Amino acid sequence: MEPRGTLTGSLTSEASKHRRSIMEEKYFPQEIEERQQARWKAAKAFEVTADPARPKFYCLEMLPYPSGRIHMGHVRNYTIGDALSTFKRMTGFNVLHPMGWDAFGMPAENAAIKHGARPDQWTIENIDSMRSQLQRLGFNYDWSREIATCTPAYYRWNQWLLIEMWKKGLVYRRKATVNWCVKCNTSLANEQAEGGFCWRHEDTPVEQRELEQWFIRVTHYADELLDSLAELEGGWPERVLAMQRNWIGRSRGAEIDFEIDGEAKQTVRVFTTRIDTIFGASSLILAPDHPLLNEWAEAGKVSAEVLRFREEQAALTPRERLEEGREKTGVFTGWWAINPFSGAKLPIWTANFVLTGYGTGAVMAVPAHDERDFDFSQKYGLPIRRVIVPAGSDVSRNDPQAEVSLPYTAKEESAQLIHSGEWSGLTIAEAQQSMIARAEQRGFGQSRVNFKIRDWGISRQRAWGTPLPFIHCPVCQIVPVPAAQLPVELPADLNFKTPGAPLAEHRAFVETSCPSCGGPARRDTDTMDTFVDSSWYYSRYCDPGNESLPFDPAVAAYWTPVDQYIGGIEHAVLHLIYTRVWTKIMRDLGLLNFGEPITRLLTQGMVCLATYRCEEHDWLHPNDVIEGRCRHCQRPVTVGRIEKMSKSKKNTIDPDEMIRIYGADTVRLFMLFAAPPEKDLEWSEAGAEGASRFLNRVWRITWKWHTLLPPTEAGGAEDYSGAARALRRKTHQTIERVSRDIGDRLQFNTAIAALMELTNELYAFDSQLPMDQVSSSDRFVIREALESLARMLAPLTPHLAEELWSGLGHQGLAVQTAWPTFDQKLALEEELEIPIQLNGKLVTRLIVPAGIAEDALVELAVTNPRIVQRLEGRTISKTIVVPGRLINLVAR
RNA sequence: GGGGAUGUGGCGGAACCGGUAGACGCGCGGGUCUCAAAAACCCGUUACCGUAAGGUAGUGUGGGUUCGAUUCCCACCAUCCCCACCA
């Protein structure tokens, strides 16, 4: 690929005011950082436009919620993206690197309730202070594309998109049992109520409520969501793919109707993935709130015991249900069903472990081949009938009634059916196929695929969100707001003081007329889940000012999909599923031409710090621990685990304070150096000092030489001393390593290690030069090393890099110059150190010229005194030569 | 119970396709400079034995494949994360 120079043309005269060509002797990060930031801004250095003639790279970091302060997790996330963006720009890509704000959400509303603040003003103030924090870190965002999701200019497109989806039947409204968090005072989507608790309030179990809700038809895309994960293989972390597969939860099986004994027309439908075990079914089990059971209860067709059981189950809160543990309980309903395959009469039970929400809410219990059914049937004395046996077991000896001590649940390919009528002797797979065919032919069942994933409930009973753009008319029912009337804006004068939904109480907002019949009508007073905002924001950045569409499809076609996305693992089944669904929908609406929004995903590790606890003062900040004692009360403290920085555990470090002490470049360098990006990282003051020390070393060696260097000119190889050739070699080897570590592997830690090695080599070279008679070729070699170093630091520590680059006499911006290229010939070693092994064990190492012939090298090895001595008269039976790497001599 | 990772010096980590284990940094020890200190620079730093040259062991444990294994395979142990009565 051809490296490219500047993106935005030459420096304006405004920008050159900020440039200084003479370096200071000492490195003052705060001073140079401010200066370089002003220079980038004046040069509009990071503003880009679509240019189909050039290759693009879209680098995106998950947009932050504007809480008011950035934390170290943000710094790490954005430093990684920033380094990659600059690297890509320097290697010739047209790089889109935007930033924005996920600006709707609860904290703004809570501030309004608590302090009477206006959520919009509270949010805007937070955005302003966070933006300036990010700018102090010197990130290369194209700020001209900044978005905030709480602005009507943005959320009108949430509304527009939702209406388009509604027209296509991908959005619908229905009454549903939903998860309700009392702390959030709103309903939640399934993904946001994992394990029965609210995702924002981990100690708050969700309640179930019946509400009219808006849903996005995620299940329409369930198969594709699962299957196209294969496209992401290699680009996404394996564990994210696994979590999504799990969450989507496809299972293939069959639905079978069981006739109710004595009610010929009535059937119970069950879902099973193991139709092959149906001859082993010993009962049917209904969920306690199964519709058929409701019907029987209303008609007085079940016993008082059944009624009591149903009431008990209905009264359980999710927490009690969890605390109840795995204990399975149930009661016999008094009814019987007919197994359509065997004709056997099976008792119908109801039990707590059968869930309404999955499958049909009814199961056939096969205790011999399912753990749950086994536990339940044993407890209540239901028969356990064995119908599958491993291959090779003596079928004649397998009495179906013989005691089963453990269920046989393995699905070995070779296992076969017994005591299953005409299917006996078939394998599991054969039986499944044949039995489903029979059920379909006789009309009592069919094959069926079930998913764990549900449609996405997006209604929220909150005020600080996108209003749902629908009008409820007593005559015309649900009518979408006409496109010309969008956006439906949030009123500025909402009353947060009284409990309840502020939008619903705002009469001027609610009362409207029907766009269809003109009669009086009411607006929908729910708002959208904030995950709607972040599901498509990546495409808005391509064309953020568009007033007639969410974005121009032609412009988006250039920039999207996102080439590299960077963010935390916590969104593996939230945001990262929603944005995949939403992208497929936008594709089907004709706005995009692909289905997967993110080509490569990096989930960066957390920023951690040790935790401390005192009996009296609870969690302590590490600075409040002095020699193992609490600063306030002198009591000894308990040392906790190293954990993610959090306010509640008081183990946070303020990025601003660190920038004040060390400068942004040092903080950034430490973040990239201390651990590979996907691993957790422990903040360490000593580590930050180490990073700062390295930058000072680079500064000093550049300062020493910057006025003594000749203009750039390469001599022939013969013009250089051995030491100078070695430094050139190191320079070119370093360029090769750093290019690969950043470009291919995203391993910034090893890239920085390589730059440290180059710096060490420069010092070593420098220390052996007599200052009064340095040759011009020596000075060239030093220039080459220093300039390469400055440019390779540009993605990592851009302010310092700019200063060095200017100091070395360059006019343009370092972050816009071409990435240095390496010469393979110059990178080649002249001498090699070849380890000599005897029977795989290292004996000695030989220093040989790089071009040595193989037989000459072997000759050196076998005649080496150490080898001869170790051979003790044995002969060498085999010689293994790995060219350029090692020799292994085998002797027995 | 299911799924996914991870295990290497005092610490963070490196080792690309099976080929010199411990790059780079932190910490620690020693030295140079200084009246002194800081900073900076230089040297050393896996463990054990040895003044040294050198030797032996060594990548969670036990096996296997291989001329050769941190790397591949099998079993086990430990830790972390996610999901979890999903039929």
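Note on naming: letters A, B, ... go to the chains in the order of the sequence lines (proteins, then strands), and numbering restarts at 1 for each one. Since this is a predicted model, take the numbers as computed values, not measurements. Quick note: numbers below take in every heavy atom, side chains included, and nothing from hydrogens, waters or symmetry partners.
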Using OP1 and OP2 only, check whether a side-chain N or O of [X] sits under 4.0 Å from [N].
{"X": "Lys841(A)", "N": "rA57(B)", "value": "yes"}
{"X": "Arg245(A)", "N": "rG4(B)", "value": "no"}
{"X": "Ser767(A)", "N": "rC41(B)", "value": "no"}

Does rC42(B) count as syn, meaning its glycosidic angle lies within 90° of 0, or as anti?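 For rC42(B), whose glycosidic angle is more than 90° from 0, the conformation is anti.
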Expressed in whole Å, how much space separates the [atom1] atoms belonging to [N] and [M]?
{"N": "rA40(B)", "M": "rU56(B)", "atom1": "C1'", "value": "40 Å"}
{"N": "rC26(B)", "M": "rA21(B)", "atom1": "P", "value": "26 Å"}
{"N": "rA69(B)", "M": "rC74(B)", "atom1": "C1'", "value": "15 Å"}
{"N": "rG18(B)", "M": "rC11(B)", "atom1": "C1'", "value": "29 Å"}

Quick one: does Arg866(A)'s side chain have a donor or acceptor within less than 3.5 Å of a partner on Val843(A)'s backbone?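 Checking the backbone N and O of Val843(A) against the side chain of Arg866(A), a donor-acceptor pair under 3.5 Å is found.
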[X] has an atom [atom1]; how far is it from atom [atom2] of [N], in whole Å?
{"X": "Arg700(A)", "N": "rA40(B)", "atom1": "CZ", "atom2": "P", "value": "7 Å"}
{"X": "Arg250(A)", "N": "rA87(B)", "atom1": "CZ", "atom2": "P", "value": "14 Å"}
{"X": "Ile285(A)", "N": "rC85(B)", "atom1": "CD1", "atom2": "P", "value": "16 Å"}
{"X": "Ile642(A)", "N": "rC80(B)", "atom1": "CD1", "atom2": "C1'", "value": "13 Å"}
{"X": "Leu241(A)", "N": "rC82(B)", "atom1": "CG", "atom2": "P", "value": "18 Å"}
{"X": "Glu685(A)", "N": "rG12(B)", "atom1": "CD", "atom2": "P", "value": "19 Å"}
{"X": "Glu238(A)", "N": "rC82(B)", "atom1": "CD", "atom2": "C1'", "value": "13 Å"}
{"X": "Asp276(A)", "N": "rA87(B)", "atom1": "CG", "atom2": "C1'", "value": "13 Å"}

Pick the closest RNA chain B nucleotide for Glu371(A) and for Ser684(A) by heavy atoms, then say which residue is nearer the 5' end. Glu371(A)
Pick the closest RNA chain B nucleotide for Gly249(A) and for Val890(A) by heavy atoms, then say which residue is nearer the 5' end.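 This one resolves to Val890(A).
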At under 4.0 Å between heavy atoms, how does the protein contact nucleotides 14-24 of chain B? Give one character per nucleotide, 5' to 3', with B, S or -. SSB--BB--BB
Report which part of the nucleic acid [X] touches: base, sugar-phosphate, or nothing (heavy-atom distance under 4.0 Å, all strands).
{"X": "Val240(A)", "answer": "nothing"}
{"X": "Arg641(A)", "answer": "sugar-phosphate"}
{"X": "Arg870(A)", "answer": "sugar-phosphate"}
{"X": "Gly687(A)", "answer": "nothing"}

Do the side chain of Lys328(A) and the base of rC85(B) come within less than 3.5 angstrom through a donor-acceptor pair of N or O atoms? yes
Can you list the steps and then say if Phe341(A) with Phe444(A) is a ring pair (Phe, Tyr, Trp, His ring centres under 6.0 Å)? CA-CA 10 Å; Phe341(A) 280 90; Phe444(A) 61 77; 5.3 Å; yes
Would you indicate which nucleotide in rA40(B), rC85(B), rA84(B) comes nearest to any side-chain atom of Trp247(A)?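 That would be rA84(B).
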Quick check: closest heavy atoms across Pro622(A) and Ala610(A), and the distance to 0.1 Å?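 Looking at all heavy atoms of both residues, the closest pair is CG-O, 4.0 Å.
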Criterion side-chain contact (heavy atoms from CB on, under 4.5 Å) on His290(A) and Thr333(A), from CA distance to verdict: CA-CA 12 Å; His290(A) 190 278; Thr333(A) 61; over 6 Å; no
Rounded to the nearest 0.5 Å, how far does CG of Asn864(A) lie from CD of Gln869(A)? 10.0 Å
For the side-chain hydrogen bond (donor to acceptor under 3.5 Å, both in side chains) test, which of Asp276(A), Thr272(A), Thr277(A) pairs with Arg274(A)?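 The passing option is Asp276(A).
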